[in-house]
Each structure stands twice: as C-alpha cells, then as structure tokens.
There are 2 protein chains.
Amino acid sequence: MSLLAVGTVAFDAIETPFGKTDRIVGGAATYVCLSASYFTKNVNLVAVVGDDFPQEEISDLNKHGISTEGLQIKNGEKSFFWAGRYHNDMNSRDTLATELNVLADFDPVIPESYQDCQYLMLGNLTPIIQQTVIKRLKNRPKLIVMDTMNFWMDIAMDDLKETLKMVDVLTINDAEARQLSGEFSLVKAAKKIHAMGPKYLVIKKGEHGALLFGEGQIFSAPALPLEDVFDPTGAGDTFAGGFIGYLAGQNSISFENMKKAVIYGSALASFCVEKFGTERIKNLSEQDINARVIEFSKLVQF
Amino acid sequence: MSLLAVGTVAFDAIETPFGKTDRIVGGAATYVCLSASYFTKNVNLVAVVGDDFPQEEISDLNKHGISTEGLQIKNGEKSFFWAGRYHNDMNSRDTLATELNVLADFDPVIPESYQDCQYLMLGNLTPIIQQTVIKRLKNRPKLIVMDTMNFWMDIAMDDLKETLKMVDVLTINDAEARQLSGEFSLVKAAKKIHAMGPKYLVIKKGEHGALLFGEGQIFSAPALPLEDVFDPTGAGDTFAGGFIGYLAGQNSISFENMKKAVIYGSALASFCVEKFGTERIKNLSEQDINARVIEFSKLVQF
C-alpha cells in the first residue's frame with residue numbers, strides 16, 4: 001500500500017563525542033522515507049528544499065523507490081538547516097543553529113498522483129501544516145501517524161490539540177507524553193492522550209525502548225543494548241518510518257501487526273544511530289534487518 | 001535449596017505524594033526474605049534489631065517460613081531507622097533521617113544450622129560486612145548475589161571492589177552501573193563490571209525494567225506499566241529476593257533460568273510498589289504471582 005510522508009528535508013551539522021560533520025542531509029521526512037522504503041514500495045514524499053539541495057541526494061531517495069514528485073525546490077532559497085551538539089550521555093543536546101529558510105512559508109502541495117495514499121506519516125512540523133496536509137487529501141487515509149515534539153507543546157498547544165483530533169497514532173517521547181498529559185504515570189498519560197484523539201500511542205524511550213498503547217492493551221518493546229551510540233539524530237524519525245512502512249507493507253493495522261511494526265521501527269532506529277546521519281540506513285539489506293529483528297526477539301525471550 | 005539472606009531489618013518512615021506512614025517495618029533483608037519465601041522453603045535471615053522491634057513482626061516472618069535464628073536482638077538498643085520523602089516523580093527521594101543504632105556495630109553471626117546454604121543474598125550493607133559473611137561460611141555457596149548502592153561507591157570503593165571479587169551476581173541500578181564503571185553505555189559498563197568479578201550483572205532500571213548480562217548474552221525484562229506507584233521503598237530488595245528465591249527454588253543457575261528469575265523478581269517488585277512498605281508482599285497467593293508473570297509475558301510478545 002502506498003505511503004505519503006510529509007516533513008522536513010534539510011541539512012544538519014552534528015557534533016557528538018565521536019566527531020563532527022559538516023552539512024549533511026537530514027530532516028524528519030528523509031529518515032522516515034528511507035526507513036519506510038525497506039518495507040513498502042510507493043513511498044511518496046512531500047517536502048520543500050532550496051536550490052542548494054544536491055540533485056544526487058534526490059537521486060539517492062529515488063533509488064530507494066521514493067517518489068520526489070512532491071518535493072518542492074525553491075529557486076534562490078536555502079534549505080532548512082539545523083546544527084546541534086550532543087552531550088556525553090547522548091540523551092541530551094544543545095541546538096547551535098536553526099535556520100528555517102524555505103520552511104518558513106512551507107505550503108505542502110499534494111501531487112494528484114499521491115491522492116490515493118492509504119498511509120500518511122506526518123513528520124514533525126508545525127501542527128497547522130500537519131492539519132493542512134490532512135485537509136488536502138480527498139479521502140482520509142486508512143491510517144494517519146503523527147510525530148511531534150515539546151517545542152509545539154510550548155508554543156502551539158491549541159493547534160496541536162486540534163491536529164491530534166484528526167490522527168490515529170501519535171509518536172512522542174516519554175518526557176513529551178508527560179508534558180502533553182500533565183501525568184507522570186505513562187499509563188495515565190496514555191489514557192489522557194487517547195481522549196485527545198489518537199487511538200494508538202507510541203511512547204519512545206530511547207535506550208529504554210518503546211511502549212505501544214491501544215485497544216486497552218500495552219506492548220513493551222526493548223531497545224537493543226548498544227556498545228556505542230554514534231549519532232542519535234534521526235533515530236525517532238527512522239523509528240516512525242519503519243513503523244508506518246511495516247504497516248503499509250503488510251497493509252494491516254491490527255494491534256498484533258502494530259507490535260511487529262514497533263519492533264521493525266526499533267530495529268531500523270538501532271541501525272540509524274550506528275553512523276552519522278542517514279549513512280547507515282541508506283545501505284541496509286533485508287538480511288541485516290531480519291537478523292536485527294531476531295536479536296530483538298532473543299532479547300526478551302524467557 | 002536453602003537460602004541465606006543478610007541485610008537490614010529496620011523501621012522506615014515514608015512520605016509519598018499519596019500519604020505518609022509512621023514507623024513501619026522495612027529493611028533490605030525483610031523485603032528479600034518475604035519475596036524469596038514465595039519461591040523456596042528454608043529462607044534463613046541474618047540481621048540485627050533492637051529490643052524495640054515487635055515480636056509479632058518476627059512471627060510474621062516465621063509464618064512465611066523464614067528462619068529468624070540468625071536475627072540478633074540487642075537489648076537496650078534501638079533498631080536501624082530511615083525516614084525519607086519521595087518526590088512527585090517517585091524516582092527520586094530525600095533522606096530525612098538515618099539512625100544507624102544497632103547497625104553501627106553489626107557483627108553478622110551465622111548460626112550453625114545455616115552453614116549448608118547454597119544460595120547467599122548479600123543485601124545492601126557495608127562491603128566489609130558483606131565480605132565477613134562470605135568468609136564465615138565454611139563452604140562457598142553455589143551462588144552469591146550482592147546488592148549495593150552509590151553510597152558505598154562514594155565512601156568505600158576499595159572495600160566494595162574487594163567484595164565484588166567474591167560474588168557471582170551484582171544487582172545495581174543504571175546510574176550506579178555508570179558510576180561503578182565510569183562508562184555511560186550499559187553494554188560497556190557491564191563488560192567492566194564483569195572484569196571486577198561478578199560473572200552476572202543485573203541492572204535495575206525502575207519503570208524501564210531490568211537488564212541481565214552474563215555468558216556473553218543480554219536479557220531485557222520489561223517493567224509492568226503501572227497506573228500508580230504508591231511507594232517504591234523496597235522494590236529493589238523485593239526484586240533481588242524474588243530473583244535469588246526463584247533460582248534457589250529451581251536449584252538452577254543456568255542463564256535461561258536467570259532470565260525467568262529476573263521476571264519473577266520484577267513481578268514481585270511490581271506488587272511491592274502497590275502499597276506502603278511490605279504490606280502487599282506479605283499477602284500474595286501463587287495465583288497472584290502467576291497471573292502477574294503472564295502479564296509480563298504478554299507485554300513483550302510479538
């Protein structure tokens with residue numbers, strides 16, 4: 001089944017205790033699409049870049065079967081740029097620079113050929129743009145997954161709550177689930193967030209794995225214990241891409257299938273952090289992914 | 001197989017966002033013994049209390065099949081007392097009072113009838129007392145499990161390292177594993193801690209579950225997502241008691257059995273936090289425990 005992914009396609013400059021990069025390609029939608037491409041054909045991208053964005057990077061996406069018909073290229077403008085430095089614990093980071101550039105007036109145009117998409121991934125963007133995408137689809141997709149972050153809770157909570165009413169699955173981290181709900185207990189937080197709209201909630205806990213809530217059930221996915229986390233940038237988006245990509249590939253949104261989707265998303269995220277940026281998730285084999293999923297399975301078996 | 005547990009038997013006064021208690025019975029060895037008693041007969045306690053300790057509390061332990069022959073009662077002295085207040089997140093707490101009392105010169109005497117114990121649980125105590133217990137056993141137990149805390153890393157690291165050389169399993173939390181090893185990655189931390197002595201390491205992560213490292217393998221146990229954590233006091237000791245109790249009951253220290261032991265320990269800990277102090281873990285049925293273990297199993301199945 002075809003998947004539509006909306007989000008940023010951007011440049012990042014990253015510093016970690018292991019090294020630093022110059023401007024490399026990043027952005028939520030980049031990670032989502034690459035990750036999803038391992039599970040489903042017909043991955044369709046809606047995003048915006050400036051004319052500084054390299055054609056070969058677009059070709060790389062196309063080689064992964066990703067349609068870039070919906071990627072707007074703004075002449076004379078620059079792509080979104082983010083620079084950040086991770087602390088030694090790799091769980092916290094400082095933003096060193098944010099240049100919105102083309103993102104400042106992003107108007108998400110959905111090509112006619114994308115209109116039949118059954119799975120919609122709303123990557124982290126302003127809640128208003130996320131809403132606009134849903135409104136511009138002639139038919140409601142079978143499943144709408146939305147990612148967001150604390151930043152929007154701080155400055156656009158009302159818009160965010162409106163958007164939440166329109167989606168099926170929300171993916172956020174544990175601190176964000178607590179902020180959004182005002183509850184410390186994640187079980188209570190999930191109940192409040194369900195009441196805001198999303199029937200399903202994925203709480204991403206980084207090195208502690210992820211929790212999936214829905215249909216009165218809870219699924220706990222482990223994280224793969226890693227010797228080194230080289231660069232966590234994009235891990236959450238890679239997770240989301242693997243999650244929705246797996247669901248689209250199987251064309252099933254049962255809770256049982258969502259559990260597997262959480263594991264496949266976690267597996268892709270565990271690759272993502274092994275190298276800078278998209279380097280690792282650009283070059284995975286089916287064998288790599290299946291071997292990693294078996295590791296997840298062994299990790300929790302008793 | 002018989003189990004010997006050494007640790008504190010004490011009074012606690014606890015404040016949580018849900019309420020507060022007067023002096024109630026606590027102490028690491030109390031939790032360890034009660035928890036272990038659900039899995040193995042012949043649980044033997046070595047500890048010290050003052051003459052302020054109620055006889056009925058000792059009878060309660062006996063009713064659980066726990067031998068208190070090794071519980072020293074010091075006339076004219078007071079039992080160890082700890083008072084603490086948990087913060088709203090229940091993950092951090094302030095110590096309001098610590099009165100060592102009888103603990104100040106605790107000399108762990110092992111009754112002759114305990115000498116054949118095959119499983120030894122060293123609850124949190126000074127590393128020197130933990131060493132003394134091992135030295136006073138005529139035969140080395142089949143398995144020695146040791147709990148400790150950051151406090152001893154701060155003030156008695158050399159003694160702690162000596163004791164670590166003598167034990168098979170260490171149980172600590174994630175922050176303590178990082179402090180002890182100087183490594184942020186828990187995988188790297190585990191390698192360094194293995195090199196210090198313990199062939200097996202359990203890292204307790206509270207609401208995020210636990211990790212078991214040993215024999216080149218890793219097992220990830222979930223925590224049960226709870227609506228309310230009423231009182232976390234003793235949860236780590238209850239975990240340790242369930243862990244070693246299960247191993248002793250099965251009389252198997254294979255890695256496969258240790259995985260199950262981690263789950264049974266986690267199940268007991270999930271009961272512990274439901275009420276103040278030992279209230280909940282004093283009154284469990286086999287059915288309660290088995291139902292909870294099934295919940296753990298369902299939580300990770302995919």
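Just so you know, these numbers use all the heavy atoms, side chains as well, and skip hydrogens, waters and symmetry mates. Quick note on labels: first sequence line is chain A, next is B, and so on, each numbered from 1.
A donor-acceptor contact shorter than 3.5 Å is absent between the side chain of Ser35(A) and the backbone of Asp237(A).
The part of Lys298(B) that comes within reach of chain A is its backbone (N, CA, C, O), which places non-hydrogen atoms under 4.5 angstrom from that chain. If you measure heavy-atom distances from Asp174(B) to chain A, the contacts under 4.5 Å come from the side chain alone. Contact of Leu212(A) with chain B is not made at all, since no heavy-atom distance falls under 4.5 Å. Contacts between Glu256(B) and chain A at a heavy-atom distance below 4.5 Å are absent for every atom of the residue. The parts of Glu207(A) that come within reach of chain B are both its backbone and its side chain, each placing non-hydrogen atoms under 4.5 angstrom from that chain. Only the side chain of Ile263(A) has a heavy atom closer than 4.5 Å to any heavy atom of chain B.
Options Ala221(B), Pro222(B), Ser220(B), Ser185(B) differ in how many heavy-atom pairs under 4.5 Å they form with chain A, and the most are formed by Ser220(B). Taking Glu227(B), Arg178(B), Met258(B), Met90(B) one by one and counting their heavy-atom pairs under 4.5 Å with chain A, the maximum is reached by Glu227(B). Interface check for chain B: of the options Gln217(A), Lys191(A), Lys260(A), the most heavy-atom pairs under 4.5 Å are formed by Lys191(A).
Taking each heavy atom of Ile289(A) and Phe271(A) in turn, the nearest pair found is CA-CE1, 4.1 Å.
With hydrogens and angles left out, the side-chain atoms of Tyr31(A) and Thr233(A) include no donor and acceptor closer than 3.5 Å. Tyr200(A) and Glu215(A) share a donor-acceptor pair across their side chains, judged by distance under 3.5 Å alone.
Ring geometry for Trp82(B) against Tyr86(B) counts as perpendicular: the plane angle is over 60°, on a 0 to 90° scale with 30° as the lower cut.
Two residues are said to be in side-chain contact when any heavy atoms from C-beta on lie closer than 4.5 Å; Met153(A) and Ile172(A) meet this criterion.
For Lys142(A) and Asp168(A), the salt-bridge test fails: no basic side-chain N is under 4.0 Å from an acidic carboxylate O.
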